[in-house]
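In what follows, a single structure is set out as structure tokens and then discussed.
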Amino acid sequence: MALWDTRTWRTTSQVFRVPGDVVGARFSPDGRILAVAHDTRMTLFDTVAGRQLGVSWTVTTGTFDPYAMADPMPALAFTADSSLLRVVGHDGAFQDLPADPAKAVPAVCERAGRPLAQEEWREHVGADLSYREVCPAAAATP
């Protein structure tokens, strides 16, 4: 997926790759995040840094067939502060996906109840960002 500047009708030199067929995309209100729906998944991209934010999320179930449906694209809507992406898959499943890393990190740390292991970092954040400790020691449970 290549991004274009609609003022000049030239590419921005940003190309984002996702597996499968792209069925839709939405920008966050602040324009910093691009949500791309592809097959049964959703991938978020940081348009300023030009990189993927974490791993793809499964947002719908069942076999994806873009020709069998009138509107195969999931319904996408960012919250006004761009912190959440609300998604309704073509199967009717609803999810709130964290889109702002600053707001997602505390929730991840609370859910884990401990610091993230390097393997978990690679799995959920991605290998393109070096591992760092993001959960404060107080968040870890004994």
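Given the structure is predicted, the values throughout are model-derived calculations rather than measurements. Numbers here simply count residues along the sequence, with the first being 1.
- Between the CZ atom in Arg86 and the CG atom in Leu76 there is a gap of 13.0 Å [rounded to 0.5 Å].
- Sorted by first and then second residue, the side-chain hydrogen bond (donor to acceptor under 3.5 Å, both in side chains) pairs with a member in residues 3-15 read Asp5-Arg7; sequence neighbours excluded.
- The minimum heavy-atom distance between Asp30 and Arg32, with the atom names listed, is OD1-N, 3.0 Å.
- For the atom pair CD (Gln118) and CD (Glu133), the distance works out to 10.0 Å, reported to the nearest 0.5 Å.
- One distance of note links OG1 of Thr47 with CG of Leu34; it measures 7.0 Å at 0.5 Å rounding.
- For the atom pair OH of Tyr131 and CG of Leu116, the computed distance is 6.5 Å after rounding to the nearest 0.5 Å.
- Rounded to the nearest 0.5 angstrom, Phe16 CZ and Met1 CE are separated by 9.5 Å.
- Taking both residues in full, the closest heavy atoms of Gln52 and Arg17 are given as OE1-O, 4.4 Å, listed atom of the first, atom of the second, then distance.
- Ala99 and Ser82 get closest at one heavy-atom pair: CB-O, 3.6 Å.
- By the 4.5 Å heavy-atom criterion applied to side chains, Trp57 and Leu85 are not counted as neighbours.
- Leu97 contributes atom CG, which lies 10.5 Å from atom OG1 of Thr43 (distance to the nearest 0.5 angstrom).
- Under a hydrophobic clustering in which Ile, Leu, Val, Met, Phe, Trp and Tyr are joined whenever their side-chain heavy atoms come within less than 4.5 Å, directly or via other members, Met42 and Leu53 fall into the same cluster.
- The shortest heavy-atom contact between Asp46 and Ala49 is OD1-N, 2.8 Å.
- Using a 4.5 Å cut-off between side-chain heavy atoms of Ile, Leu, Val, Met, Phe, Trp and Tyr, with links allowed through other members, Phe45 and Val22 fall into the same hydrophobic cluster.
- Sorted by first and then second residue, the ring pair (Phe, Tyr, Trp, His ring centres under 6.0 Å) pairs involving residues 94-117 (not counting sequence neighbours) form an empty list.
- Contact detail for Arg41 and Pro19: the closest heavy-atom pair is NH1-CG, 3.4 Å.
- Judged purely by atom type and a 3.5 angstrom limit, Asp21 has no side-chain atom pairing as donor or acceptor with the backbone of Asp39.
- Phe27 and Val18 fall within the same hydrophobic cluster, defined by Ile, Leu, Val, Met, Phe, Trp and Tyr side-chain heavy atoms under 4.5 Å apart, directly or through other members.
- Nearest approach of Thr79 to Asp81, heavy atoms of both residues: OG1-OD1, 2.7 Å.
- Both Val59 and Leu44 are members of a single hydrophobic cluster when ILVMFWY side chains are connected at heavy-atom separations under 4.5 Å.
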